Amino acid sequence: MTDLGTRTEPALRRAAPALLGYAAVRALGLITLALWSAARDKSAYTLLTARWDALWYTRVAELGYGYEVRLPNGDVHSNLAFFPLLPWLERLVSVVSPLSYADAGFVVSLLASLLAAWGVFAVTEHVYGRRAGVCAVLLWAVLPVGIVQSMAYSESLFTALAAWSLYALLTGRWLTAGLLASLAGLTRPVGLAVVAAVWAAGIAAFLRDRRDRAASGSERVAPAGATTAAQAAGMALAPLGAAAYVLWVGHRTGRGPLGYLDVQAGWRNGFDGGYAFARFVGDKFTSFPSALAGVGLIVGVGLVVWLYVTCVRQGQPLPLLVYAGVVTALALCASSYFGSKPRLLMPAFPLLLPLALTLARARTRRSAGIVAVIATASALYGAFWLNGSGPP
């Protein structure tokens with residue numbers, strides 16, 4: 001997957017500062033959540049493993065697909081909306097251990113978050129160096145909704161698969177990239193972003209190969225970036241996971257290839273280019289207190305767009321730009337669950353690389369102080385959030 005095959009110990013040593021820093025930030029968040037929850041006579045562990053989407057995943061793990069809730073307004077919330085890789089892993093861990101499905105989900109997410117942090121480090125180190133890699137991991141850890149990385153949700157698992165698939169692309173491991181993209185496609189609908197990155201890299205390699213051949217004037221020239229059978233196989237593998245699940249849902253519902261879209265429609269979720277979200281933001285300006293929230297939303301979206309433009313200007317590798325762009329577009333242009341958008345943006349870690357570079361160029365003491373302050377704020381917000389509205 002990386003130097004893991006032949007240089008495991010050196011790779012671990014290089015990543016150790018990032019992983020230790022990540023673990024410290026997450027520990028701070030969990031301790032803060034435990035104290036905050038205890039003060040309100042709530043169970044922090046229940047908030048992490050047995051509420052919101054975590055309940056839907058454990059039901060899939062325990063009972064399989066077919067469970068649905070019919071709401072008074074006629075909407076149907078079906079568990080077919082939840083992709084299967086996380087509940088499969090929950091069931092596997094529960095079968096081979098005494099853990100419950102909820103416990104297994106927590107363990108899987110905990111391990112996946114560490115693998116995700118390592119993947120973020122590997123990608124960033126490859127592009128910008130070790131110091132920037134450490135900073136990128138810390139910034140990913142201290143996101144305002146970073147507590148989700150410790151929940152029995154699929155974000156950490158997906159980010160781990162996506163990050164390592166991108167790293168495999170950057171280092172020319174096409175089969176690995178395709179396989180991990182396929183697994184990402186079994187984890188969340190946004191797995192399409194990883195597939196798009198693999199295909200964009202493959203097409204770019206093909207065009208680069210043709211250009212180099214034309215420039216050399218010889219069909220016998222085969223530069224290192226030439227499209228090969230491995231590249232074609234990686235591109236073919238990448239969409240199989242998502243396609244298999246979507247087609248299976250269509251068969252299960254009897255609605256054909258578009259059956260999954262009907263399932264999402266039952267949750268009032270879809271892709272409308274951001275129209276519903278724009279209306280949601282606009283409605284905030286109907287009164288003064290909510291207008292402040294509207295301003296905050298506009299600033300937040302503006303920051304995301306600015307970060308992406310900065311990524312483009314800095315010349316990030318094409319796979320990272322495509323991946324981050326698709327994740328961002330799907331998150332911002334979804335037609336429902338507006339409170340979930342920060343969580344949906346969390347896998348778009350390439351957006352953090354401009355900030356990571358800035359942090360890496362600062363003095364160590366200054367960088368550490370900044371991270372400590374943000375980590376504290378993130379831990380407090382995460383505890384407040386989960387004890388309140390939480391991540392829908």
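Quantities reported herein were computed from a predicted structural model and do not represent experimental measurements. We're numbering straight along the sequence, starting at 1.
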| Side-chain contact, heavy-atom cut-off 4.5 Å: Thr328 with Val305? | no
| Should the ring pair Trp385 and Tyr381 be called parallel, tilted or perpendicular, given that the plane angle runs from 0 to 90° and is split at 30 and 60? | parallel
| query | Of the options Val371, Leu352, Leu359, which is the one that meets Cys135 in a side-chain contact (heavy atoms from CB on, under 4.5 Å)? | reply | Leu359
| message | Please tell me whether Leu63 and Trp88 are part of a single hydrophobic cluster in this structure, the criterion being side-chain heavy atoms less than 4.5 Å apart. | response | no
| note | d(Asp75 CG, Glu68 CD) to nearest 0.5 Å is 12.0 Å
| request: Please collect all salt bridge (charged side-chain N to carboxylate O under 4.0 Å, His left out) contacts where either partner lies in residues 236-246, sequence neighbours excluded, each pair once. | output: none
| Under 6.0 Å from the CZ atom of Phe271, do we count more than 12 heavy atoms belonging to anything else shown? | yes
| Leu110 and Tyr45: same hydrophobic cluster, using ILVMFWY side-chain contacts below 4.5 Å? | no
| message | Does Phe121 form a ring pair (Phe, Tyr, Trp, His ring centres under 6.0 Å) with Trp118? I'd like the steps, not just the answer. | response | CA-CA 5 Å; Phe121 171 80; Trp118 192 1; 8.6 Å; no
| message | Tell me whether Val301 shares a hydrophobic cluster with Val295, the cluster being built from Ile, Leu, Val, Met, Phe, Trp, Tyr side chains joined at under 4.5 Å. | response | yes
| task | May I ask you to say whether Arg279 pairs ionically with Asp272, meaning some side-chain N is under 4.0 Å from a carboxylate O? | result | no
| Do you know which two heavy atoms are closest between Gly64 and Arg91, and how far apart they sit? | N-NH2, 3.7 Å
| Same cluster (ILVMFWY, side-chain, under 4.5 Å), Leu192 and Leu183 | no
| field | Tyr153 versus Asp53, closest heavy-atom pair with distance | value | OH-N, 3.2 Å
| Pairs in or reaching into residues 28-41: which pass side-chain hydrogen bond (donor to acceptor under 3.5 Å, both in side chains), with residues at least two apart or in two chains? | Ser37-Asn387
| task | Check the hydrophobic clustering (I, L, V, M, F, W, Y; side-chain heavy atoms under 4.5 Å; chains of links allowed) and say if Leu207 and Leu169 are grouped together. | result | yes
| message | The test is ring pair (Phe, Tyr, Trp, His ring centres under 6.0 Å); show your working for Phe82 and Trp267 and say whether it passes. | response | CA-CA 11 Å; Phe82 295 87; Trp267 287 79; 5.6 Å; yes
| task | Any chance you could lay out the side chain to side chain donor-acceptor pair (under 3.5 Å) test for Arg131 and Thr364, step after step, and finish with the verdict? | result | CA-CA 10 Å; Arg131 187 176 175 88; Thr364 301; 3.2 Å; yes
